[in-house]
2 protein chains.
Amino acid sequence: MNETKKLREILHQKNLRYTPQRQEVWDEICATKEHRDAEDIYNSLRKRQTNVSRATVYRTIDILVKNNLVRRLDLGDGRSRFENKIGIAHHDHIVCLDCRKIVEFMNEKIEELQEQVAKEMGFEIVRHVHQLFGRCLDEKCPNK
Amino acid sequence: MNETKKLREILHQKNLRYTPQRQEVWDEICATKEHRDAEDIYNSLRKRQTNVSRATVYRTIDILVKNNLVRRLDLGDGRSRFENKIGIAHHDHIVCLDCRKIVEFMNEKIEELQEQVAKEMGFEIVRHVHQLFGRCLDEKCPNK
DNA sequence: TTCACTATTGAGATTGAGTCTCAAAGAAGT
DNA sequence: ACTTCTTTGAGACTCAATCTCAATAGTGAA
Ligand SMILES: [Zn+2]
Ligand SMILES: [Zn+2]
Ligand SMILES: [Zn+2]
Ligand SMILES: [Zn+2]
């Protein structure tokens with residue numbers, strides 16, 4: 001699989017070692033499109049008999065984030081969430097305060113205006129956080 | 001002072017008690033326009049012989065936030081920051097990754113587009129987080 | 001293959017922001 | 001001043017995340 005190679009390549013490039021634990025963590029993150037936290041990833045690994053320690057899960061995620069394979073999200077609930085970044089276009093997030101549903105959005109005009117605003121204020125943007133919190137109009141949402 | 005009255009009023013309105021500790025915390029937050037964390041506020045109070053416990057600082061800030069006197073910011077460094085909200089127009093933040101300078105911005109068009117995007121996705125926005133992280137072009141900034 | 005050199009791992013300790021507990025102190029209305 | 005109910009403070013506790021360090025294991029060279 002393409003993503004497996006990608007990991008090996010980057011680790012080699014950075015003089016880091018390719019280990020089964022790192023591969024397992026990366027595979028687990030690639031397995032879904034959800035926005036999962038470290039504990040969640042750790043538990044999924046244990047559930048399928050893959051024993052990678054909590055510390056290693058955290059350490060591996062840090063490597064993946066630093067090398068742009070994974071994106072770290074802070075949705076304001078006190079822990080980081082992660083999503084595979086390979087082949088995924090930039091987007092931001094809308095979160096329902098009642099059912100915690102997360103929806104992705106991307107608006108080219110907002111992205112442009114951000115750049116423009118930053119330039120006006122004398123900044124060069126490296127990254128941005130843009131999250132909308134509210135209530136979804138979904139039937140299944142407890143907010144009725 | 002106007003802000004003092006505001007606190008008394010709101011506490012009364014919510015059947016909460018007006019105490020010197022709560023007043024001190026509110027005064028301390030009103031004293032600057034900076035984006036300070038709870039520990040910082042706690043330390044400032046101690047420095048001027050005003051002994052309010054850490055727990056009370058946190059509890060009071062929660063009340064102030066719930067009642068719209070104070071805004072809670074999460075700038076991604078693992079602790080909440082606070083700013084007086086009374087008479088302050090809505091704005092978002094740009095943060096320099098090198099010198100931690102925080103600059104405020106407000107762009108009407110972005111605000112509108114956010115609303116529009118949310119509507120399109122079937123959400124009603126309650127609040128939003130919009131932060132730009134980058135490097136400032138300031139002489140004094142360590143990034144040169 | 002084996003070796004030597006390092007990096008990595010795991011278990012558990014530690015950190016740090018924030019919350020909780022509960023007995024003592026104190027608002028506020030009467 | 002009295003009663004009632006809330007608030008306070010000190011320190012215990014929580015929880016995500018990081019650190020420690022001895023044991024383990026990639027990796028490249030021989
Ligand atoms: Zn964006
Ligand atoms: Zn996403
Ligand atoms: Zn805004
Ligand atoms: Zn601000």
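Numbers restart at 1 for each chain; the letters A, B, ... are given by sequence-line order, proteins then strands. The basis for the numbers below is simple: all heavy atoms, side chains too, and nothing from hydrogens, waters or symmetry mates.
- In this model, no donor atom of one side chain and acceptor atom of the other lie less than 3.5 Å apart for B:Gln131 and B:His93.
- In this structure, B:Leu97 shares a hydrophobic cluster with A:Leu73, A:Leu75, A:Val95, A:Leu97, A:Ile102, A:Val126, A:Val129, A:Phe133, B:Leu73, B:Leu75, B:Val95, B:Ile102, B:Val126, B:Val129, B:Phe133, the cluster being traced through Ile, Leu, Val, Met, Phe, Trp and Tyr side chains under 4.5 angstrom apart.
- Under the 3.5 Å distance criterion, with hydrogens and angles disregarded, no donor-acceptor pair is assigned to the side chains of A:Arg17 and A:Thr19.
- Across all strands, B:Asn15 comes closer than 4.0 Å to no nucleic acid atom at all (heavy-atom distances).
- Side-chain polar atoms of A:Glu111 and A:His130 form no donor-acceptor pair below 3.5 angstrom.
- For B:Ile41 and C:dG18, the CD1 to P distance is 10 Å, given to the nearest whole Å.
- Look at CG on B:Leu11: it is 11 Å from C1' on C:dA27, rounded to the nearest Å.
- The 5' end of DNA chain D is approached more closely, in terms of each residue's nearest nucleotide, by A:Asp62 than by the other of A:Asp62 and A:His12.
- One can place NZ of B:Lys14 at 17 Å from C1' of D:dT6, the figure rounded to the nearest angstrom.
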Exercise for the section: Could you check B:Lys109 against B:Leu113 for side chain to side chain contact (heavy atoms under 4.5 Å, CB included), going step by step and ending with a plain yes or no? Expected result: CA-CA 6 Å; B:Lys109 190 69 190 160; B:Leu113 285 168; 4.2 Å; yes

Completion exercise
Per-nt protein contacts along nucleotides 11-17 of chain C (heavy atom under 4.0 Å; B base, S backbone sugar-phosphate only, - none) come out as B-----S

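- A straight line from CZ of B:Arg22 to C1' of C:dA28 spans 13 Å, rounded to a whole angstrom.
- Looking at B:Asp37 and B:Arg54, no side-chain N of the basic residue comes within less than 4.0 Å of a carboxylate O on the acidic one, giving no salt bridge.
- Contact check, A:Thr19 against C:dT9: a side-chain N or O comes under 4.0 Å of OP1 or OP2.
- Atom CZ in A:Arg17 sits about 10 Å away from atom P in D:dG26, given to the nearest Å.
- Side-chain proximity of A:Pro20 to the nucleotides D:dT8, D:dT18, D:dG26 is greatest for D:dG26.
- Note: CD1 (A:Ile63) to C1' (C:dT9) measures 12 Å, nearest angstrom.
- The phosphate of D:dG26 (OP1 or OP2) has no side-chain N or O of A:Gln21 nearer than 4.0 angstrom.
- Nucleotide D:dA16 holds its P atom 9 Å from the CZ atom of A:Arg54, rounded to whole Å.
- B:Asp37 comes within 4.0 angstrom of nothing in the nucleic acid, heavy atoms only.
- Straight-line distance from the CG atom of A:Asp74 to the C1' atom of D:dA17: 13 Å, rounded to whole Å.
- In the hydrophobic clustering, where aliphatic and aromatic side chains (Ile, Leu, Val, Met, Phe, Trp, Tyr) are joined below 4.5 Å either directly or transitively, B:Tyr58 stands alone.
- Taking for each of B:Arg8 and B:Ala38 the nucleotide of DNA chain C with the nearest heavy atom, the 5'-most of the two is the partner of B:Ala38.
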